[in-house]
Every structure is written in C-alpha cells, then in structure tokens.
**Student:** 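Sending over a structure as structure tokens; questions will come in a sec.
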There are 2 protein chains.
Amino acid sequence: MRADAQRNYDRIVEAARMAFRERGYDTSLDQIAKDAGVGPGTLYRHFATRDDLIDAVMKAWVDHVEETADKALTHEGGPREVLLNWFEEYVRLISVHKGGPAKITGAMGDDASPIRTKCQVLQSAGGRVLDRLRDEDAVRDDVTPLQVARLVGGIATVADQSELDLVAVRPMLEVVADGLLK
Amino acid sequence: MRADAQRNYDRIVEAARMAFRERGYDTSLDQIAKDAGVGPGTLYRHFATRDDLIDAVMKAWVDHVEETADKALTHEGGPREVLLNWFEEYVRLISVHKGGPAKITGAMGDDASPIRTKCQVLQSAGGRVLDRLRDEDAVRDDVTPLQVARLVGGIATVADQSELDLVAVRPMLEVVADGLLK
DNA sequence: GACAATACGGAGACTGTCTCCGTTTAGCAA
DNA sequence: TTGCTAAACGGAGACAGTCTCCGTATTGTC
C-alpha cells in the first residue's frame, strides 16, 4: 500500500472510532470522511461498506476480548460466579459502541458477514469459559457456544436499545446462567 | 374527523400494513403514501413519526395478543410446557414484521414510546401467564414480567436479525424457561 | 349557494449514500 | 533530478428517503 493510502486509511479508522463511540454505528460516513480530512470517495475505496469500516475499527478490540476471557477463566468462585462474571464482561465488550450488540449478535453465525472474524473470536472466548465449566460438570451440555452467545447477546441488544445499565441487566443474566447450570 | 380524512387514514394504514409485512419497518414512508394514493404531506399530517404509523398498524393485532395469552393459559401440560408454549407464541406475535422484535422490545418499559400501549398489552398478557405459574409455585418470584418480556424479546430480536426459525429458537427459550422455573 | 374550516398533495429543501472521473501524488527507473 | 506511470485522491453530482410549506381543493354547515 502506498504511503499516502496508509495514512488516509489510518485517519479514517481513527475518525470512525471516535464517531461510532460518540454517535453510534449509524452516523454519517461522509461526515467521518470529513472528520478524517479526506473525500468520501477515499473512504468508500478503502471500505466498500459500513460493516467493513466497523470491522477495521474492531481490530484492536479483539486482543482485549482474548485478555478478558483469560481473566474470566481465572476468576475465583463457583461456576455460577465464573459464568456470570463472563456474561457481564461479554455484555460490556460488545456494548462499547451504541448499536454494537445488535450488529455483533446479528452477525453471529453468519459466515458471509464482514465482521465474522470478530464474532468467531468472541464465540471461541466464550467457548473456552464454557469448556472449563463443562470439565467441572457444572453446565448442561446440549447447548452450543453460539446459542449462549446469542442468548447473552440478545440481552445486551435489549439493554443497548432500552439504555439499561449493568445493574438492570444482571437479573436477566442470572436467569440465563441458572438455566444453563446443572 | 372529516370523511375524506378518515378514508385517507384508513388507506394509509392498510398500505403500511402490507409494506411492513413485505419490506420491513424501514421501508420508505413516501412509498407507502404513494401506495395509498395520497401525497406525503397527507401521510405526515396523520402520522407525525414512523412509530405513530406502526402504532396504528398494530391496533388490530392487540386483540390477537389477548386471545393468544388466553389460549396459553388453558394449555395442557406442566408449568414448563405452559411457559414454553407462551414463549413461542410471544416470539411469533412480535415477529409478524421484520424489525418488529427490536422495535417492540426496545420500547418495552419506555413510557414515552408511541407504541407503549402495545407493549403494556404484551406485558400484562405475559404477566397473566406468569401469575398462573406463580399460583402453582412453579416459577421464581424475584423476576418481573418486564424482565421476562425483555429476555424473550431479546431472543426474538436475535432470531429476527439472524433469520433463525422457531426450531433454532426453541433451545434458547428452554434455557430461559429452565432458569425461571423453580 | 356561499363560506369557513379542514384537508390535500406535490414541489422542494435537506441529509445521507455512493460513484465517476478529471486531477494529483508517490515511488521508481534512467 | 527528472520523467513517467500506476495508484490514489476528492469532490461534484446522481439518487433515495425524510419532512415541510403553502397554494389549491374539498367538506359540511348555515
């Protein structure tokens, strides 16, 4: 990639990161281009669709997901606490941007989605937590990581749309956790 | 209301009903006006916002909700079957239009929403089912009808966005049901 | 039949998406 | 350094959807 192209690419991603955080995923792309100091043509050449841009913004976020899952695995307490701790972290992770929970959970399991790699990371992170609890024979084994991701993602989506805080979300996570535990 | 106003009102609602069913809630309102044979000004005078139009379209649907809840209450079988039966009906009810689950569940608990009356009907219908199960001491009593509506609505939202069928939704509803039952 | 209130409807302002293509620039080779 | 070419830029503008304004038309009443 040419140096000027790389520079503009980086500027656009940075402008998008700010914009998504402050104004949500449905903010104007032309405005993001303006913020980045480039023309709309340049933005659309680098990112054919809105989702491609979202995907790029999420690159750094992936490392954070892995790290958070590791932390959840070493969490002290019984299976219920471990599970609930992961659920809360999961909700926090996918809620960094307004509209994020719906976007991510909707793409979950869709191999054609531009953000599928991000979904896979999230799913495998959750899978690791689930596997550990299965080793302890603590959770039912007829449920897949994808289903769990959708259950918790659904709660996060509702919370995002209704602007609920984690305190309001907690009881709903508890219902799902109790439904999963043996 | 003047006779011509009433006629146009009805035409718009009917056109919107078709459009929402076939093309989802984000379809063009100007197009709906065109389908109804009126100008956009007429549509916007009757319905200031998209939600107001959605609300009007849902008027007939409310009776159907009541009826479905009554049927769920007389459903044969144990508490788990009654609950799951209601959950499946609930998902079906709020999924009549693409985007419906998100719209309805997002408005749940929001007193300022134009479709709040519809949400209240759904909530009280669910409340009746829950009350019956509580009489049998079958469900935990630290969970509100609103929370249950959000849990099931979250699943319906994900299913709608990921285009999952009821077969795929069922296991997730089971997790929630098991988490709610004592 | 006249008149006032009510309602209509479409032109057009505005915003966002996305493309096309003339212009500019980076990077390389002589 | 200069010249060249492929790569990249960027903004004008086509297109679509939202929503309003206001001149025109219709309704219902006296």
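Chain letters run A, B, ... following the sequence lines, proteins first and then strands; every chain starts at 1. As the structure is a prediction and not an experimental result, all values here were calculated from the model.
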**Student:** Does B:His46 place a side-chain N or O at less than 4.0 Å from the phosphate oxygens OP1/OP2 of C:dC8?
**Tutor:**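 Answer yes for this pair, as a side-chain N or O of B:His46 is under 4.0 Å from OP1 or OP2.
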**Student:** To the nearest Å, give me how far apart CZ (A:Phe47) and C1' (C:dT17) are.
**Tutor:**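 Nearest whole value for this atom pair: 17 Å.
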**Student:** Roughly, in whole Å, what's the span from CG in B:Leu53 to P in D:dC19?
**Tutor:**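 Between P of D:dC19 and CG of B:Leu53: 12 Å.
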**Student:** Taking atom types as modelled, find out whether B:Asp35 and B:Gln31 have a side-chain donor-acceptor pair closer than 3.5 angstrom.
**Tutor:**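 Side-chain D/A pair, B:Asp35 to B:Gln31: present.
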**Student:** Between protein and nucleotides 18-30 of chain C, map the contacts as a letter string: B base, S sugar-phosphate only, - none, heavy atoms under 4.0 Å, written 5' to 3'.
**Tutor:** BB-----BSS---
**Student:** Rounded to whole Å, how long is the line connecting atom CD1 of A:Ile32 with atom P of C:dT17?
**Tutor:**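 Atom CD1 in A:Ile32 sits about 8 Å away from atom P in C:dT17.
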**Student:** For B:Asp52 and D:dC19, give me the distance from atom CG to atom P, rounded to whole Å.
**Tutor:**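 Interatomic distance, CG of B:Asp52 to P of D:dC19: 11 Å.
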**Student:** For B:Arg80, enumerate each residue passing the side-chain contact (heavy atoms from CB on, under 4.5 Å) test, keeping only those at least two apart in sequence or located in another chain.
**Tutor:**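 side-chain contact (heavy atoms from CB on, under 4.5 Å) list for B:Arg80, sorted by chain: B:Leu84, B:Glu174, B:Asp178, B:Leu181.
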**Student:** Taking atom C1' of C:dA7 as reference, at what distance in whole Å does atom CZ of B:Arg11 sit?
**Tutor:**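 In whole Å, C:dA7 C1' lies 14 Å from B:Arg11 CZ.
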**Student:** Does A:Arg132 have any salt bridge (charged side-chain N to carboxylate O under 4.0 Å, His left out) partners at least two apart in sequence or in another chain, and if so, which?
**Tutor:**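 A:Arg132: salt bridge (charged side-chain N to carboxylate O under 4.0 Å, His left out) contacts with A:Glu136.
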**Student:** Tell me which pairs pass side chain to side chain donor-acceptor pair (under 3.5 Å) where either residue lies in residues 105-121 of chain A, with sequence neighbours left out.
**Tutor:**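 Qualifying pairs, neighbours excluded: A:Asp55-A:Lys118.
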**Student:** Given C:dC8, is OP1 or OP2 found less than 4.0 Å from the side-chain N or O atoms of B:Asn8?
**Tutor:**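 Yes, B:Asn8 has a side-chain N/O under 4.0 Å of OP1/OP2 on C:dC8.
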**Student:** Examine D:dG10: is either OP1 or OP2 under 4.0 Å from a nitrogen or oxygen in the side chain of A:Thr42? Give yes or no.
**Tutor:**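 Answer yes for this pair, as a side-chain N or O of A:Thr42 is under 4.0 Å from OP1 or OP2.
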**Student:** Under the side-chain contact (heavy atoms from CB on, under 4.5 Å) rule, collect the residues that match up with B:Asp51, sequence neighbours excluded.
**Tutor:**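 For B:Asp51, the residues satisfying side-chain contact (heavy atoms from CB on, under 4.5 Å) (neighbours in sequence not counted) are B:Thr49, B:Ile54, B:Lys103, B:Pro114.
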**Student:** Tell me whether the OP1 or OP2 atom of C:dT17 has a side-chain N or O from A:Ser28 closer than 4.0 Å.
**Tutor:**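 Yes, because at least one side-chain N or O of A:Ser28 sits under 4.0 Å from OP1 or OP2 of C:dT17.
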**Student:** Tabulate below the donor-acceptor pairs under 3.5 Å that side-chain atoms of residues 92-101 of chain A make, not counting sequence neighbours, or state none.
**Tutor:**
from, atom 1, to, atom 2, distance (Å)
A:Ser95, OG, A:Val91, O, 2.6
A:His97, ND1, A:Tyr25, OH, 2.9
A:Lys98, NZ, A:Asp160, O, 2.9

